[in-house]
There are 2 protein chains.
Amino acid sequence: MESQAPSTTKDRLLDAAEELFSSRGIDATSLRAITSAAEVNLASVNYHFGSKDGLVKTVFLRRLEPLNNERLELLDALEISAAGAPIELEAILDAWVMPALRMGHSPEGKRIKRLMSGIYSEPGDTLQALLRELFSEILRRFCAAIGRALPELSGEELMWRVHFMLGAMIHTVADQPSIRALSGGLCDPSDIEGVRRRLIGFVAAGLRAPLEEKNAPPTAGEDR
Amino acid sequence: MESQAPSTTKDRLLDAAEELFSSRGIDATSLRAITSAAEVNLASVNYHFGSKDGLVKTVFLRRLEPLNNERLELLDALEISAAGAPIELEAILDAWVMPALRMGHSPEGKRIKRLMSGIYSEPGDTLQALLRELFSEILRRFCAAIGRALPELSGEELMWRVHFMLGAMIHTVADQPSIRALSGGLCDPSDIEGVRRRLIGFVAAGLRAPLEEKNAPPTAGEDR
DNA sequence: CCACAATTCAAACGAACGTTTGAATTAATA
DNA sequence: TATTAATTCAAACGTTCGTTTGAATTGTGG
């Protein structure tokens with residue numbers, strides 16, 4: 001039985017690992033640093049999670065599973081209330097973005113955000129596979145919903161635009177220090193409502209961009 | 001004197017390191033793996049670059065400096081031919097994107113792309129600082145040009161949209177395996193002209209998105 | 001040809017890593 | 001309380017890492 005709220009060895013390890021992974025990176029964080037921060041014995045990691053890889057996987061799963069479940073629930077609700085008709089694009093984007101923004105804003109979840117960006121570059125084979133599996137279904141669902149909202153797009157065009165959309169969203173959710181620095185403090189990434197409004201406005205406009213002719217004249221002064 | 005083209009120890013090391021860094025990540029690549037691939041002695045790294053950190057920095061600088069110089073030259077040319085008037089938005093975006101796309105497409109530069117994405121999550125303090133310095137001026141220049149092309153945007157709004165833009169662009173240039181997998185082979189990231197047209201179309205539409213009211217009604221079914 | 005610097009080389013260094021071990025301790029069961 | 005399983009603990013294991021060393025080799029200028 002877990003004693004009360006936040007005190008089992010497993011939880012202490014997960015919390016400490018999440019914190020250190022997000023600030024220093026996974027490879028650069030040693031088990032000794034984690035167990036020191038968690039004030040538990042070094043061998044606990046291998047006892048409870050089998051290996052460092054097992055701990056890493058659990059750290060991600062603990063956050064990503066509830067996150068994606070919430071996204072799917074929101075999308076389900078939208079599809080039910082739409083009753084077969086296409087859903088408004090902004091509502092779909094909201095269902096994707098808001099759970100992440102809200103999670104990133106909660107006091108316990110702040111450290112996750114930098115982790116999420118690291119996902120895409122960390123070359124760990126096992127983690128990469130885990131994430132591909134975790135996101136494949138939810139991406140399929142959201143792509144389908146967006147495709148129904150934008151029926152004039154071909155399959156290829158839709159995929160490209162979703163790809164661009166993911167880039168903007170991931171970069172925004174994950175790399176908030178960067179926008180602070182870029183703007184010289186002018187932009188406030190903790191203003192969830194502002195981020196939501198701007199991000200969705202940008203992405204929705206991009207997704208709805210008019211289809212250009214294939215052989216449009218090259219834009220000025222750029223063909224060398 | 002360098003003997004002929006691709007055979008000095010320094011160059012062999014840089015090529016091998018670039019290749020391995022991009023496929024396995026920086027931390028996960030040992031000097032022994034690099035020197036083995038380059039067929040040079042282990043101690044050469046410390047002799048020619050001082051340390052592994054010095055090698056890493058040189059690997060990035062060798063690609064990023066010419067890249068950013070080309071971007072700045074293109075922007076310079078645009079500003080000169082515009083003679084004080086605002087430049088067309090698409091032309092500015094072209095000046096940013098094309099050097100990267102072209103570089104990523106060249107046979108020797110293919111491996112750089114995955115590297116570039118890793119930049120933003122690799123937590124190495126020295127590398128982080130180097131990149132911040134490398135990109136600060138060029139970002140300032142491009143932000144200013146985009147701001148002149150979109151005079152109706154406030155400074156804060158502009159910075160946010162540039163941030164979204166960078167996310168889409170970085171994700172596109174860096175993570176091309178991901179778009180291939182996402183689309184099930186439908187999208188071809190090696191089609192530079194197609195990527196350019198779609199990416200710039202998406203980003204330009206996002207940058208030009210109409211300014212929403214601050215207190216717009218929340219989009220359907222999403223306020224919990 | 002010789003002296004001298006630049007470069008390469010094999011070998012080793014100490015430190016840090018993930019993991020394992022087996023005994024000590026705590027909790028659960030009856 | 002006696003027995004057994006679950007957990008914690010200190011210590012060590014073997015490996016790999018980046019770096020250093022000092023001798024051997026190569027290239028250069030007088």
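Nothing here was measured: the structure is a model prediction, and the numbers come from that model.
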Could you give the CZ-to-C1' distance, from A:Arg32 to C:dC17, as a whole number of Å?
-> 6 Å
Mind calculating the distance between CG (A:Leu31) and P (C:dT19) to the nearest angstrom?
-> 6 Å
Roughly how many Å is it from OH in A:Tyr47 to P in D:dC9, rounded to a whole number?
-> 13 Å
Find the distance A:Ile26:CD1 to C:dG18:P and express it as a whole number of Å.
-> 12 Å
NA contact type, A:Ser44, heavy-atom cut-off 4.0 Å: base, sugar-phosphate, or nothing?
-> nothing
From D:dC17, D:dT19, C:dC17, nucleotide with atom closest to A:Ser30 side chain | C:dC17
Where the side chain of A:Ser51 is defined as all heavy atoms beyond and including C-beta, which of D:dA10, D:dT19, C:dT19 is the nearest nucleotide?
-> C:dT19
Under a 3.5 Å cut-off on both pairing distances, which runs of 3 or more consecutive Watson-Crick or G-U pairs involve DNA chain C?
-> C:4-30 with D:1-27
Mind checking B:Thr29 for me? I need base, sugar-phosphate or nothing, with any heavy atom below 4.0 Å counting as a touch.
-> sugar-phosphate
Whole-Å gap separating P (C:dC17) and CG (A:Asp53) = 17 Å
Check whether any side-chain N or O of A:His48 sits under 4.0 Å from OP1 or OP2 of D:dT8, and answer yes or no.
-> yes
Check whether any side-chain N or O of A:Thr9 sits under 4.0 Å from OP1 or OP2 of D:dT8, and answer yes or no.
-> yes
Listed nucleotide nearest any side-chain atom of B:Asn41, set C:dC17, C:dT21, C:dA10 | C:dA10
